[in-house]
Amino acid sequence: MFAVVFIVVAFVSQTAARYSADWKSLDSRPLPSWYDQARVGIFVHWGVYSVPGFGSEWFWWHWQGQRPPDPRYVNFMSKNYPPGFSYPEFAPQFHAQFFNPREWADIFKASGAKYVVLTAKHHEGFTNWGSSDSWNWNSVDTGPHRDLVGELGEAVRNRSMHYGLYNSLYEWFHPLYLKDKRNGFKTQEFVMHKLLPELYNMVVRYKPELIWSDGDWEAPDTYWNSTVFLAWLYNDSPVKDRVVTNDRWGAGCACKHGGYYNCEDKFTPGQVPKHKWEKCTSVDTLSWGYRKNMRLSELMDLPSIVKDLARTVSYGGNYLLNVGPTPDGMIPAVFEERLRGLGAWLKVNGEAIYASKPWRVQNENTTVTIWYTSKGSSVYAIMTNKPPKASVQLFLPVTSATTTVTLLGNPKPLPWSPVSPNAGLTVLLPELADSPGQAWTLKLDNIQ
Ligand SMILES: *[C@@H]1O[C@H](CO)[C@@H](O)[C@H](O)[C@H]1NC(C)=O
Ligand SMILES: *[C@@H]1O[C@H](CO)[C@@H](O)[C@H](O)[C@H]1NC(C)=O
Ligand SMILES: *[C@@H]1O[C@H](CO)[C@@H](O)[C@H](O)[C@H]1NC(C)=O
């Protein structure tokens with residue numbers, strides 16, 4: 001009788017487990033499973049910086065923040081704008097007049113992505129929603145006069161994708177932030193009166209399933225009250241059971257604390273990290289935000305995107321690919337083409353990507369570069385260039401008499417023979433149809 005009561009109590013107290021506001025407890029939270037299965041996401045950097053569309057989303061900082069200012073930005077302003085023109089004057093020109101959230105969501109869906117992350121607020125402090133803590137510096141009071149975060153969220157969710165929000169903790173020029181900074185972050189006026197009220201509101205209002213935190217590095221997590229916020233997020237928020245977070249919650253947190261790890265931008269590990277991670281990268285290799293002066297040679301082409309995705313997924317990562325929309329609300333056609341191309345590739349090869357796990361080895365280079373993934377008892381060999389002959393050798397898989405090989409997108413089993421006993425196989429390939437991403441996947445079953 002006692003034993004039964006004890007077991008019941010133990011069970012109840014375990015299901016009601018609450019996280020405390022310290023890293024040991026917060027880091028013990030299991031990552032909601034949708035995230036690892038999703039594998040591919042789209043990142044969207046959109047804000048007032050899209051209006052000058054020059055350099056990058058760090059425009060304001062390079063022009064007026066850093067000492068000395070970057071002369072390229074100073075010249076750009078003196079050549080193209082009247083003297084005395086200030087950065088906030090760009091906001092009314094953020095018209096978003098062609099912004100059709102359903103069209104965007106159709107493009108993202110067509111890319112094969114399972115989640116979308118929009119910048120709700122970047123380091124400039126402008127919110128893409130009507131934050132009452134960001135008076136006259138938000139997309140409802142000025143510029144588009146629309147709730148960009150809400151409108152996109154509805155369209156994204158309507159197409160069965162998960163919706164996440166990027167939020168910068170610091171704001172380059174917020175007077176309260178600058179005051180706290182002058183005080184060596186011993187005061188928290190910015191955090192108490194601006195950051196936290198706004199962040200709690202954002203979560204309650206939009207129920208993001210992913211919070212992509214950034215701009216944390218100048219101050220420790222204790223300044224940002226990160227652990228207190230995360231304990232609320234995981235215990236009591238409306239998204240407590242499904243929300244995923246990254247690792248940018250204070251100086252020294254990246255790659256160490258939080259939900260999954262981004263480590264640094266465009267993180268590219270050379271082995272499987274011990275903790276779930278995500279590579280964020282951008283089609284425009286020089287910027288996350290829209291640039292009017294981007295050139296084709298500065299963009300990732302589709303084969304390089306697919307290679308990068310295959311590599312990332314082989315190492316157990318998620319791939320978050322960024323596009324920067326124009327201030328008019330258009331996704332530049334060249335980005336749309338990349339995203340649709342990625343989706344066409346995933347339509348055939350997605351079986352090797354979604355919900356896959358790293359295999360015992362990640363890659364090998366024979367006549368082609370091969371990235372391996374696995375799912376259940378199947379192993380996938382993604383060839384990221386075209387084999388020069390009608391056959392390809394894989395040295396790492398160990399075959400058995402019952403091994404079968406197919407090419408994704410092609411129903412017929414392929415003939416194969418062992419390279420030597422217990423080491424590898426030679427696969428005879430059919431004529432390879434042109435792949436949109438110049439990458440083809442072999443599916444190996446009954447292999448070790
Ligand atoms: C998305 O919206 C369309 C049209 O408004 C509706 O018919 C459809 O059921 C919605 N789909 C989902 C998954 O909510
Ligand atoms: C911030 O953290 C301090 C202690 O670390 C706590 O006393 C305070 O209530 C927190 N405030 C908010 C708004 O989270
Ligand atoms: C194979 O080539 C890729 C791409 O150049 C490289 O990243 C990888 O380390 C190579 N693998 C081995 C086992 O040498």
Side-chain angles (χ1 to χ4, degrees), residues 18-26 131-133 167 169-170 176-177 180 183-204 211 213 216 219-237 240 245 249-253 257 266-273 277 279 281 300-301 303-317 319 358-373 379-388 392-397 419 423-424 437-442:
R18 287 177 65 84
Y19 298 95
S20 52
D22 57 79
W23 288 120
K24 187 160 184 277
S25 173
L26 298 169
S131 169
S132 55
D133 299 294
N167 183 70
L169 298 178
Y170 86 154
L176 294 180
Y177 181 69
D180 288 344
N183 292 335
F185 297 114
K186 289 191 178 69
T187 55
Q188 289 181 292
E189 286 193 40
F190 172 73
V191 174
M192 294 305 153
H193 300 298
K194 171 64 168 47
L195 174 70
L196 288 179
E198 185 166 76
L199 190 53
Y200 282 97
N201 269 335
M202 186 187 88
V203 173
V204 171
I211 297 182
S213 183
D216 61 321
D221 61 82
T222 47
Y223 169 72
W224 304 115
N225 262 35
S226 295
T227 57
V228 178
F229 169 74
L230 288 171
W232 170 80
L233 188 69
Y234 296 168
N235 289 327
D236 299 311
S237 79
K240 64 187 171 65
T245 63
W249 295 104
C253 284
H257 294 303
K266 306 189 184 178
F267 180 52
T268 305
Q271 54 189 15
V272 179
W277 65 286
K279 175 170 187 168
T281 194
M300 293 178 84
D301 60 12
S304 55
I305 291 169
V306 168
K307 275 194 184 87
D308 202 25
L309 169 70
R311 177 191 176 105
T312 301
V313 172
S314 290
Y315 287 130
Y319 194 66
W359 191 44
R360 63 174 170 82
V361 209
Q362 278 56 63
N363 65 49
E364 69 171 316
N365 299 308
T366 62
T367 50
V368 294
T369 294
I370 295 158
W371 293 98
Y372 288 104
T373 66
V379 172
Y380 298 91
I382 305 170
M383 304 181 284
T384 53
N385 44 298
K386 199 168 196 163
V392 66
Q393 289 190 328
L394 316 181
F395 293 98
L396 299 176
V419 169
Q438 293 299 302
W440 298 262
T441 305
L442 297 173

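We count ligands from 1, going down the list as the structure has it; atoms in each ligand are counted the same way. Below, all heavy atoms of this structure are taken into account, side chains as well, without hydrogens, waters or symmetry copies.
Annotation: atom 10 (C) of ligand 3 to nearest protein heavy atom, Asn365 ND2, 2.5 Å. Among all protein heavy atoms, the one lying closest to atom 12 (C) of ligand 2 is Asn225 ND2, 3.1 Å. Looking at atom 13 (C) of ligand 3, its nearest protein heavy atom turns out to be Asn363 OD1, 3.2 Å. What sits closest to atom 4 (C) of ligand 3 on the protein, heavy atoms only, is Thr369 CG2, 4.3 Å.
A ring pair (Phe, Tyr, Trp, His ring centres under 6.0 Å) with Phe185 is found for exactly one of Phe190, Tyr170, Tyr177, namely Tyr177. The residue from Thr187, Asp216, Asp180 that alone fulfils the side-chain hydrogen bond (donor to acceptor under 3.5 Å, both in side chains) condition with Tyr223 is Asp180.
Summarising the geometry, atom CG belonging to Asp22 is positioned 10.5 Å from atom CG belonging to Asp221; distances are rounded to the nearest 0.5 Å. Taken to the nearest 0.5 Å, the CD atom of Gln362 stands 10.0 Å off from the CG atom of Leu396.
Using a 4.5 Å heavy-atom cutoff, the side chains of Thr227 and Tyr19 are not in contact.
For Trp371 and Tyr315, the ring centers are positioned less than 6.0 Å apart.
Within the 4.0 Å cut-off (strictly below), a protein heavy atom is located near atom 2 (O) of ligand 2. Inside a 4.0 Å radius of atom 7 (O) of ligand 3 there is at least one protein heavy atom.
Residue-to-ligand polar distances place Arg311 within reach of ligand 3: an N/O pair is separated by less than 3.5 Å.
Interface of Val228 with ligand 2, defined as ligand atoms under 4.0 Å from a residue heavy atom, comprises 2 (O), 14 (O). Within ligand 2, the atoms closer than 4.0 Å to a non-hydrogen atom of Leu196 are 12 (C), 13 (C), 14 (O), numbered from 1 in the order shown.
Between the side chain of Thr268 and the backbone N or O of Lys266 there is at least one donor-acceptor pair closer than 3.5 Å.
In Gln188, neither the side chain nor the backbone holds a heavy atom less than 4.0 Å from any atom of ligand 2.
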